[in-house]
Amino acid sequence: MSVVTDKVHAGRGVLSYPRVDLADCPIDFVKAQHAFLRDVVEGLYALATGDDDPRTDALYDVLCAELPRTLQDRRANLLQVLARRAEPDDEIDRLIETLGTEYRAIEAEAEPLARALDAGSGIWHRSLADPAGRLALHLRQMVAVEAAVVIPLMRVRLTASDYDLLTAAFRARRETLANLPVEAG
């Protein structure tokens, strides 16, 4: 497995993102996303408590770019492929419902938090505490369910062609976003 550590920079903040080359197994890619999201959760908890943590400065970029892309990976690709391969005992409909609830909660908390972070220009305010704490909780729950249920299901249910399909979809999403024009500010 080829792991590269990228940094998400915004001001003085840094979040380490252990990126796995998309040529590697999608399981490794999802696990790398989990590692990154755990770091994001720590930054969110620091934001919620007003602690001085360099990770909090990078949260705006994560909430606007990486988090929506990760959720799209799950909804449009990963869960759809798993649903096609699932056995009745896997209770895939229940899993999709559970994760769908978490994804919606994450989006509901992330959007206003990102707007507040953008408007505040990095200045901590008490109004950030509750949304940051709730978002951190939902992200922790999502990662826990995916690590405990989704990854093991991927290992036993997906085929080599499923891995190829996921790799292509993840790569296409990142290439498309990387090639979007940057708006002049």
Side-chain angles (χ1 to χ4, degrees), residues 5-20 26 29-80 95-151 166 169-170 172-178 180 182-183 185:
T5 301
D6 279 352
K7 306 285 185 194
V8 175
H9 294 279
R12 64 180 175 79
V14 176
L15 284 168
S16 295
Y17 187 86
R19 280 194 353 198
V20 175
F29 185 71
V30 170
K31 288 169 72 175
Q33 287 177 319
H34 287 170
F36 177 68
L37 290 173
R38 286 183 186 102
D39 206 25
V40 169
V41 165
E42 292 305 313
L44 287 166
Y45 280 135
L47 180 63
T49 59
D51 291 346
D52 186 27
D53 187 315
R55 289 177 288 205
T56 61
D57 289 339
L59 289 174
Y60 175 78
D61 291 334
V62 171
L63 297 178
C64 292
E66 189 57 37
L67 190 55
R69 186 172 30 216
T70 298
L71 295 177
Q72 188 65 15
D73 286 342
R74 302 315 196 264
R75 284 186 176 126
N77 305 113
L78 181 56
L79 293 180
Q80 299 304 313
L95 175 63
I96 290 171
E97 181 181 328
T98 297
L99 286 172
T101 299
E102 286 305 321
Y103 299 158
R104 286 187 298 279
I106 289 166
E107 289 169 333
E109 297 296 341
E111 288 180 33
L113 182 58
R115 282 194 302 275
L117 287 170
D118 187 37
S121 302
I123 299 170
W124 185 83
H125 188 273
R126 185 180 345 259
S127 66
L128 300 174
D130 288 340
R134 287 190 305 265
L135 179 56
L137 177 64
H138 288 296
L139 283 171
R140 285 184 70 202
Q141 290 171 329
M142 178 194 99
V143 169
V145 170
E146 288 183 356
V149 181
V150 172
I151 288 177
L166 288 173
F170 294 166
R173 182 166 294 109
R174 277 140 189 86
E175 288 172 356
T176 299
L177 291 174
L180 288 177
V182 177
E183 292 182 25

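Position 1 is the first residue of the sequence, and the numbers go up from there.
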Go through the steps for Val145 and Glu102 under the test side chain to side chain contact (heavy atoms under 4.5 Å, CB included), then give the verdict.
CA-CA 10 Å; Val145 170; Glu102 286 305 321; 5.9 Å; no

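- Of the candidates Glu146, Arg74, Arg38, Arg74 is the only one forming a side-chain hydrogen bond (donor to acceptor under 3.5 Å, both in side chains) with Gln33.
- Taking 4.5 Å as the limit, every side-chain heavy atom of Phe29 sits out of range of all side-chain heavy atoms of Leu166.
- With hydrogens and angles left out, the side-chain atoms of Asn77 and Gln72 include no donor and acceptor closer than 3.5 Å.
- Side-chain atoms of Leu37 and Leu67, non-hydrogen and from C-beta on, do get closer than 4.5 Å to each other.
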Start with the C-alpha distance between Glu66 and Arg69, add both sets of side-chain angles, then the distance that settles salt bridge (charged side-chain N to carboxylate O under 4.0 Å, His left out), and finish with yes or no.
CA-CA 5 Å; Glu66 189 57 37; Arg69 186 172 30 216; 2.6 Å; yes

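- Pairs passing the salt bridge (Lys or Arg N to Asp or Glu O under 4.0 Å) check and including a residue from residues 130-143, sequence neighbours excluded, read Glu109-Arg134.
- Residue Thr101 holds its OG1 atom at 10.0 Å from NE2 of His138, rounded to the nearest 0.5 Å.
- Once rounded to the nearest 0.5 Å, the distance linking CG of Leu139 with CG of Leu71 reads 8.0 Å.
- With rounding to the nearest 0.5 Å, the separation of CG in Leu128 from CG in Leu135 is 12.0 Å.
- Within the 4.5 Å cutoff, no side-chain heavy atoms of Thr70 are placed close to those of Phe36.
- By the 4.5 Å heavy-atom criterion applied to side chains, Leu79 and Leu99 are counted as neighbours.
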If you apply the rule side chain to side chain contact (heavy atoms under 4.5 Å, CB included), what do you find for Val41 with Val143, and how did you get there?
CA-CA 10 Å; Val41 165; Val143 169; over 6 Å; no

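- Side-chain contact between Leu117 and Leu47: present, with at least one pair of heavy atoms (C-beta onward) separated by less than 4.5 Å.
- Between the CG atom of Asp51 and the CD atom of Glu42 there is a distance of 10.5 Å, given to the nearest 0.5 Å.
- Taking both residues in full, the closest heavy atoms of Pro68 and Cys64 are given as CG-O, 3.7 Å, listed atom of the first, atom of the second, then distance.
- To the nearest 0.5 Å, atoms CZ (Phe170) and CZ (Arg174) are separated by 7.0 Å.
- In this structure, Glu111 does not pair ionically with Arg104, as no charged nitrogen and carboxylate oxygen lie closer than 4.0 Å.
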